[in-house]
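Just follow the structure's listing: the first ligand is 1, and inside any ligand the first atom is 1.
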Amino acid sequence: MTTSYQPSRPVARPNDPSVPVGSSRAETDAGLVLGGGRLVVDELEKHYELDGGEVPVVKGVTFTIEPGMFYSLLGPSGCGKTTTLRCVAGLETSNGGRITLNGRVLSTATQHVSPDKRDVGMVFQNYAIWPHMSVFANAVFPLQVASGRLPKKEARKRAMEALELVRLDGFADRPATALSGGQQQRLALARALAHRPRLLLLDEPLSNLDAKLRDTMRNELRSLQQRLGITALYVTHDQSEALSMSDRVAVMNQGRIVQEATPRELYFQPADRFVADFVGRVNMIPAVVRGRDANGEALVEAYGARLVTPCPTDARTGDDVTVTFRPESVRWHEVAPDRPNVLPARVVRVEFLGEIVEYEAEISSAGSAVGRIVARGAPMNAPATGSAIHIELAPSACRVLTA
Ligand SMILES: Nc1ncnc2c1ncn2[C@@H]1O[C@H](COP(=O)(O)OP(=O)(O)O)[C@@H](O)[C@H]1O
Ligand SMILES: [Mg+2]
C-alpha cells in the first residue's frame, strides 16, 4: 500500500505567487464557516472505581456553551477537567447528568452516544498523530474509517481543506514525523476539523510546545476558531492561556465549577480565595469590617490602618473578612499623598524580572511590622531595597471576600 497522495487540484501553498487570486485556496476560504453547536452539560457526575470503592471526580458540573463561543475549563491538576472533557467526547461513560449538543442528547445516566456519532473533534496534549503515515494520510484516515464513512473523493477533499486551514497543505506528502512540534499539533487540529464537527474539544493542546511557539499557537488557534465559527471547549491548568483565549472561563476545583465568568470578571472579581489565588497573583490580608462610608463603601481595618473598599452587602460591622488586591495595582510614593488607603512601608526585597519589577514591602503600624505585601511595577520606577515608602491601594483595586 502506498500513502502517497495525488491532489485532485493544484495544491495551494501559502504565499505561492503562481496561485492566482480566486483559485482553490480562496474558494475554500470562502466556504470556511463550519458553524458551532450549543453544548449543555447539566449536573454531570463521574466516579472512578479505586481500591474497591467509588471515587467521585466530577461532582454536578453544569455549564452551557453558546454557539461559536470559546469556553475554557481552568483548574489545578487532578480537579476533573480531562474527565469532564472525555465525558463530553463520549470517551467516558458518565454516572449521572445530561449532555446535549444542539438539543440532541449525547448522554444521560442511561444513554450513551458513541464518540464517532457525537459530531465533535478532539485534540490532545500529546498530538496523537500516526508516525508511520504521511501528513495527508493522517488527516484523511479518520474520515475513511468513520462509521458514516465518506466517499473517497469527498474524504480527500475534506482532508485537504482541513490541512489548508492549518497551513499544512504544502506538506501533505511528508512523513508526519518530519513535522516540528508546532506543525504536528496543527496536524492534530486538522484531523479534528476534517470531520467538520460542531464542537471542538481541546485538552491542554499547547502544553508540550516551547514558550514562544505556545504564544503564537494561542493566537492561531483563537483566530481559526473565530473564523470557522466553531464552538470550542478548551481545558488547561494555565491561567494566562485561559484568560487570553476565552470568551468565558469556568474555574474548577475538586470536581466542581467554583466560578464561571469572563476573563476580566474572573481576574478582577474573583468569587473566593481559591479563584483569586489560582487566577494570577494576589495579596490577601485579614481585615475587620468597621462600618460604611457615605458612598456605601466599606471601611475595614487591616494592618492597623483604615481602608476604604467595595464590599459585598452581606458583610456586617465586626465581620472578619479578607481584603484582596493584585500586585500590579499597588502604587508607591516617597511622600504620602492625601488620599485614602495609604500605608507606611519599608521595601524588603526587589526583584528585576525584565518587563516588570516585583518588590515586597513590609507594612508597619505604630512602629512595628504587621505584615507584607507583594507589588509589581515598571522597572524604570522601582523603589530601592531598604527604603521607606508609602504604598497606596486604590479603593477600586481592592476587593473584600467574606468567609
Ligand atoms: N481512569 C481513571 N481511574 C481512576 N481515577 C482516575 C482515572 N482518570 C482520572 N482519575 C482521577 O480523577 C481525578 C481527575 O482527573 P482528571 O480529570 O484527569 O484531572 P485534570 O485533567 O483536571 O488534571 C484525578 O484524581 C485522577 O487521578
Ligand atoms: Mg488533564
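- Residues S387 and R346 have side chains that never bring a donor and an acceptor to within less than 3.5 angstrom of each other.
- With respect to the salt-bridge test (charged N to carboxylate O, under 4.0 angstrom), the residues E328 and R281 do not qualify.
- Near G80, the atoms of ligand 1 lying under 4.0 angstrom from a non-hydrogen atom of the residue are 14 (C), 17 (O), 19 (O), 20 (P), 22 (O).
- Ion pairing of D319 with R290 is absent here, as no side-chain N (NZ or NE/NH1/NH2) approaches a carboxylate O to less than 4.0 Å.
- A salt bridge links R349 to E351: one of the charged nitrogens lies within less than 4.0 Å of a carboxylate oxygen.
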- [ ] Before giving the answer on ring-ring contact (aromatic ring centres under 6.0 Å, His included), spell out for Y71 and Y234 the whole-Å C-alpha distance, their side-chain angles and the decisive distance to 0.1 Å.
- [x] CA-CA 6 Å; Y71 190 100; Y234 192 92; over 10 Å; no
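- Evaluated by nearest non-hydrogen atom to atom 23 (O) of ligand 1, the leading choice among C79, G78, P76 is G78.
- Geometrically, ligand 1 and T82 share a nitrogen or oxygen pair separated by less than 3.5 Å.
- Salt bridge present: E392 and R339 bring a charged side-chain N and a carboxylate O closer than 4.0 Å.
- Closest to atom 9 (C) of ligand 1 among all protein heavy atoms lies Y48 CE1, 3.3 Å.
- Residue-and-atom listing of protein N/O/S atoms under 2.8 Å from the Mg ion (ligand 2), sorted by chain and number: T82 OG1.
- Here the heavy atom of the protein found nearest to atom 12 (O) of ligand 1 is V57 CG1, 3.1 Å.
- In this structure, R326 satisfies the cation-pi test against Y267, with its NZ or CZ atom closer than 6.0 Å to the six-membered ring centre and inside 45 degrees of the ring normal.
- Counting protein heavy atoms only, atom 17 (O) of ligand 1 is closest to T83 OG1, 2.5 Å.
- In this structure, R372 pairs ionically with E360, as a charged nitrogen and a carboxylate oxygen lie closer than 4.0 Å.
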